[in-house]
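Every value quoted in this text rests on a predicted model; they were computed, and no experiment measured them. When reading the values below, keep in mind they use all heavy atoms of this one structure, side chains included, and skip hydrogens, waters and symmetry mates. We count ligands from 1, going down the list as the structure has it; atoms in each ligand are counted the same way.
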Amino acid sequence: MKNILEAPFMVEAVRTLTNLYRLGWDERNGGNLSYLLYDEDIEGYLDTTKVIRTIPMSFDASEIAGKVFLVTGTGKYFKNVQYDPENNLGILRIAADGKNCELLWGYRDGGKFTSELPAHLMSHMVRLAIDPSNRVVMHTHPTNTIAMSMIVGPSERDFTRALWKMQTESIVVFPEGVGVLPWMVCGTNDIGIATAEKLKETRICVWTTHGIYGVGRDLDEAFGLIETVEKAAQLYMLTVGCDRKNEIKDNELKDLAAVFGLNYKTEYLD
Ligand code: 13P
Ligand code: ZN
């Protein structure tokens, strides 16, 4: 077997988690990540016939039984992932009954998957139905997005418009807008169901006064989406209370959408 710490998916995930920590978005154990692995990613790196232990889940994921995910551990710090991936991350396979998962690697100290597993796996299920190439669900706590959620939300129209008007790039990167959930208790099946429902319409879901979910076909795509939202939120927060003279106007956003051929949420523009 080759060293799994050198597998391209692992190297990329560790770099991404380290970057998220460095951005200041993942204080303490904040944030979590799940990454759908294909057979070719793990072939030669992992003996998939060896199950370390079986861990029960609180919901039914039979729709994705047999799929294998790299998942951050609960209570683990993104800060520490690069120094000890095997303790802070796990690779798990959804068991045939959909109610358990089989640990194939990681969580070395006896730990388990993130408390947000319901939101992650429910989101994977809805996104895979929309886009079979989706592989990543990323949850993080970007500072300005959270700050903005105290001022704008929970209207998705208001939140999306505010983001679109801050910078040209916003409507290009997320033309479908953003989903926004009101504050809810995290780590529950309920917030998982609500998040997955939002992610049927958009690839971004803001959790008011908590953080954000982003999805994508790879780590770059999910990160890039969140990064673009956070940049717009930062611009919003830097100018909140100011007499903004140059927000992008609705007709300008329409011109941009026409030239770029964007399939944007038309109800969000006046
Ligand atoms: P976990 O440590 O269980 O991943 O929780 C962190 C978090 O961000 C909760 O929303
Ligand atoms: Zn969180």
Item to complete: May I ask whether G31 has any heavy atom positioned less than 4.0 angstrom from an atom of ligand 1?
Response: yes
Can you name the atoms of ligand 1, numbered from 1 with element, that are less than 4.0 Å from a heavy atom of [X]?
{"X": "H141", "value": "8 (O)"}
{"X": "H139", "value": "8 (O), 10 (O)"}
{"X": "H210", "value": "10 (O)"}
{"X": "S115", "value": "1 (P), 3 (O), 5 (O)"}

Would you mind checking if [Y] and [X] are paired as a salt bridge, meaning a charged N to carboxylate O distance below 4.0 Å?
{"X": "E197", "Y": "K200", "value": "yes"}
{"X": "D255", "Y": "K249", "value": "no"}
{"X": "R157", "Y": "D270", "value": "yes"}

Practice prompt. Decide whether W207 and S149 meet the rule of one side-chain donor and one side-chain acceptor closer than 3.5 Å.
Written response: no
Check: [X] side chain, [Y] main-chain N or O, donor-acceptor pair, under 3.5 Å:
{"X": "T54", "Y": "E102", "value": "no"}
{"X": "R161", "Y": "Y268", "value": "yes"}
{"X": "T239", "Y": "C242", "value": "no"}
{"X": "R127", "Y": "N134", "value": "no"}

Worksheet item: Has ligand 1 got any nitrogen or oxygen that is less than 3.5 angstrom from a nitrogen or oxygen of G75?
Response: yes
Practice prompt. Please report the shortest heavy-atom distance between L199 and I204, naming the atom on each side.
Written response: CD2-N, 3.8 Å
Do me a favour and list the nearest non-hydrogen protein atom to [atom] with residue, atom name and distance?
{"atom": "atom 6 (C) of ligand 1", "answer": "N29 O, 3.2 Å"}
{"atom": "atom 7 (C) of ligand 1", "answer": "N32 ND2, 3.4 Å"}
{"atom": "atom 4 (O) of ligand 1", "answer": "T114 OG1, 2.7 Å"}
{"atom": "atom 9 (C) of ligand 1", "answer": "E116 OE2, 3.1 Å"}

Worksheet item: Excluding waters, which protein N, O or S atoms are within less than 2.8 Å of the Zn ion (ligand 2)?
Response: H139 NE2, H141 NE2, H210 NE2
Fill in: Which residues share a side chain to side chain donor-acceptor pair (under 3.5 Å) with Q82, sequence neighbours left out
none
Worksheet item: Hey, do the aromatic rings of F69 and H120 have their centres closer than 6.0 Å?
Response: no
